[in-house]
Structures are given as structure tokens and as C-alpha cells.
Amino acid sequence: MAGVSGQQDAEGETLAAAIRGDALGKAALASPSPEFRAEFLSMLLREDPLAAGIAATTALAAHSDGKAVGIVIAGPSSKILPKLLRQLGFELALKYLVNAVKIELLAVEPDFRRSGAGSRLLAETIAIHAAAGAHVMHGQFNTDRHEILEPFYRSHGFEILRPDTPLDLGPFLGLDAPIGAMPDAGETMMYRRLH
């Protein structure tokens, strides 16, 4: 792809600026092509796996009257990515990094629940990661809150597993071998196909 190298250099500089925190980089970070994103994350994963995980993570906040009232953080699982890299190698870790995204946190201030803030945060996160080429979004929630959280996630297209059941990410990564996302005790796993 010789004709793309100049573009990659320019986009690479923009993404590097985003990681450093420069305003220009932050504005461009959410819009690289899926191909460029995969190549950039591959390069970063080889050099610094932690930085690759951070670069693939999205953090959004909902505001009301200048105050943050909700937040979502979604990216590669801090448990799965290092395990894949260590035990199964670079290529499999890269497949996970590029194709899967985990909702690490979705929280809304109690006074703003049922206001649509959580739905807007989740919808925007889904849109960002789908545009970036991710194939699956997954996460878990405390089973004791299933009466509230199960309908919420279902309304956003998530499939809900039985409590304490692991999620096999292998099929989403094009693998025959199981790659398990394990819930902690008392948690329920969920997933949504993005492509």
C-alpha cells in the first residue's frame, strides 16, 4: 500500500498527538479508517501493549449545566488483552484489540438516571467502535441489578447470558478455539455484534 504511506504518516502524527493530549490529535482520534486503526494498533502493540490498550479506549462523559453526570469507558479488556499476548501470542492479541471492545464502566449520577444520559453515552460508544471496525462489544453487570440493567442493555441490542456464564469471544475473532471472557462471581455477561 505504497500510496497510503504518506497518509499513514500524517494520521500517525495526529494519533501520536492524541496520545500526548494535543487538541488536534484528540479531535482526529475517533475518525481514522479501520485499516489505519488496525495498522496503528499493531505497531503500538509491538512497542507498548499498555499504550495500545489505552489508544483503543474511548471515554465519554454526559454533562448537565457544566457538570459531568455520566461516564462510559470502553476498550480492550485489561484482563483479556495481556493474557492473550502472554499466552497465545501477538496475532491473537491484535485480533482482540482491533475487533472486540469491552464496556469497562457505564455510570450515571442517581439524579440523572432514566434521563437518557446512559442511553446517549452507550449509543455514541457503539457508533464510535462500529465505525472503527470492531466486531463485538461486551461487558458484564452485577446480577443483583438485572431488573434494571438487563432491559437497558437489551434495548441497545445486547444479548444477555445466564448469570455467571462466561462469554466465548472466539467466534467474534474468527477463531475455532474458545477465548473466554469470565464474569466475576455474581455477574452477568452481555455482548452485541457490531458487524
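Every heavy atom of this structure was used, including side-chain atoms; hydrogens, water molecules and symmetry mates were not.
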Distance (rounded to the nearest 0.5 Å) between Leu173 CG and Tyr96 OH: 8.5 Å
query: Which is it for Ile103 and His138 under the side-chain contact (heavy atoms from CB on, under 4.5 Å) test, yes or no, and what are the steps along the way?
result: CA-CA 6 Å; Ile103 300 169; His138 65 98; over 6 Å; no
statement: Those residues at least two apart in sequence (or on a different chain) that pass side-chain hydrogen bond (donor to acceptor under 3.5 Å, both in side chains) with Thr125 are none
- prompt: Between Leu149 and Asn142, does a side-chain contact (heavy atoms from CB on, under 4.5 Å) hold up when you go through it step by step?
  reply: CA-CA 9 Å; Leu149 295 175; Asn142 290 332; 5.8 Å; no
task: First locate atom CG of Leu122, then atom CG of Leu60, and finally report the distance between them rounded to the nearest 0.5 Å.
output: 10.5 Å
Any residue meeting side chain to side chain contact (heavy atoms under 4.5 Å, CB included) with Val69, in chain and number order, not counting sequence neighbours: Ala62, Ser64, Glu109, Phe112
task: Tell me whether Leu105 is reachable from Val72 by hopping between hydrophobic residues (I, L, V, M, F, W, Y) whose side-chain heavy atoms are closer than 4.5 Å.
output: no
message: Restricting to ring-ring contact (aromatic ring centres under 6.0 Å, His included), what partner residues turn up for His156, sequence neighbours left out?
response: Phe152
task: Calculate, to the nearest 0.5 Å, the distance between atoms NE2 and CD1 belonging to His63 and Ile71 respectively.
output: 9.0 Å
Check residues 73-80 and write down every donor-acceptor pair under 3.5 Å in which the side-chain atom is one partner and the other belongs to a residue at least two apart or another chain.
from: Ser77; atom 1: OG; to: Lys79; atom 2: N; distance (Å): 3.1
from: Ser77; atom 1: OG; to: Ile80; atom 2: N; distance (Å): 3.1

Leu194 side chain near His135 side chain, heavy-atom distance below 4.5 Å: no
Distance-only donor-acceptor hits, side chain of residues 81-93, under 3.5 Å, sequence neighbours excluded:
none

field: Residues in side-chain hydrogen bond (donor to acceptor under 3.5 Å, both in side chains) contact with Thr143, at least two apart in sequence or another chain
entry: Thr188
query: Who pairs with Ser42 by side-chain hydrogen bond (donor to acceptor under 3.5 Å, both in side chains), at least two apart in sequence or on another chain?
result: none
query: So which pairs with a foot in residues 42-58 pass salt bridge (Lys or Arg N to Asp or Glu O under 4.0 Å), sequence neighbours left out?
result: none
Side-chain (Arg37) to main-chain (Gly133) donor-acceptor, under 3.5 angstrom: no
- request: Measure across Leu94 and Ala38 and return the closest heavy-atom pair with its distance rounded to 0.1 Å.
  value: CD1-O, 4.2 Å
message: The criterion is ring-ring contact (aromatic ring centres under 6.0 Å, His included); which residues satisfy it with Tyr191, sequence neighbours excluded?
response: Phe172
- prompt: Which atom names give the shortest non-hydrogen contact between Pro166 and Pro183, and what distance separates them?
  reply: CA-CD, 3.7 Å
query: Which pairs pass salt bridge (Lys or Arg N to Asp or Glu O under 4.0 Å) with one or both residues in residues 154-175, sequence neighbours excluded?
result: Glu150-Arg154
field: Test side chain to side chain contact (heavy atoms under 4.5 Å, CB included) applied to Gln140 - qualifying residues, sequence neighbours left out
entry: Lys102, Glu187, Met189
- prompt: Under a 4.5 Å cut-off applied to non-hydrogen side-chain atoms, are Asn99 and Val136 in contact?
  reply: no
query: How long is the gap from CZ on Arg114 to CG on Asp111, to the nearest 0.5 Å?
result: 14.0 Å
- prompt: Do Leu161 and Leu167 come close enough that some side-chain heavy atom pair is under 4.5 Å?
  reply: yes
task: Name the orientation class of the two ring planes belonging to Tyr153 and Phe141 (parallel below 30°, tilted from 30 to 60°, perpendicular beyond 60°).
output: parallel
- prompt: Restricting to pairs with a member in residues 120-147, which pass salt bridge (Lys or Arg N to Asp or Glu O under 4.0 Å), not counting sequence neighbours?
  reply: none
task: Considering non-hydrogen atoms only, spot the tightest contact between Leu121 and Ala61 and give its length.
output: CD2-C, 3.7 Å
message: Before you tell me yes or no, could you show the steps for Ile126 and Phe158 under side-chain contact (heavy atoms from CB on, under 4.5 Å), namely the whole-Å CA-CA distance, both residues' side-chain angles and the distance that decides it to 0.1 Å?
response: CA-CA 11 Å; Ile126 290 168; Phe158 284 82; 4.0 Å; yes
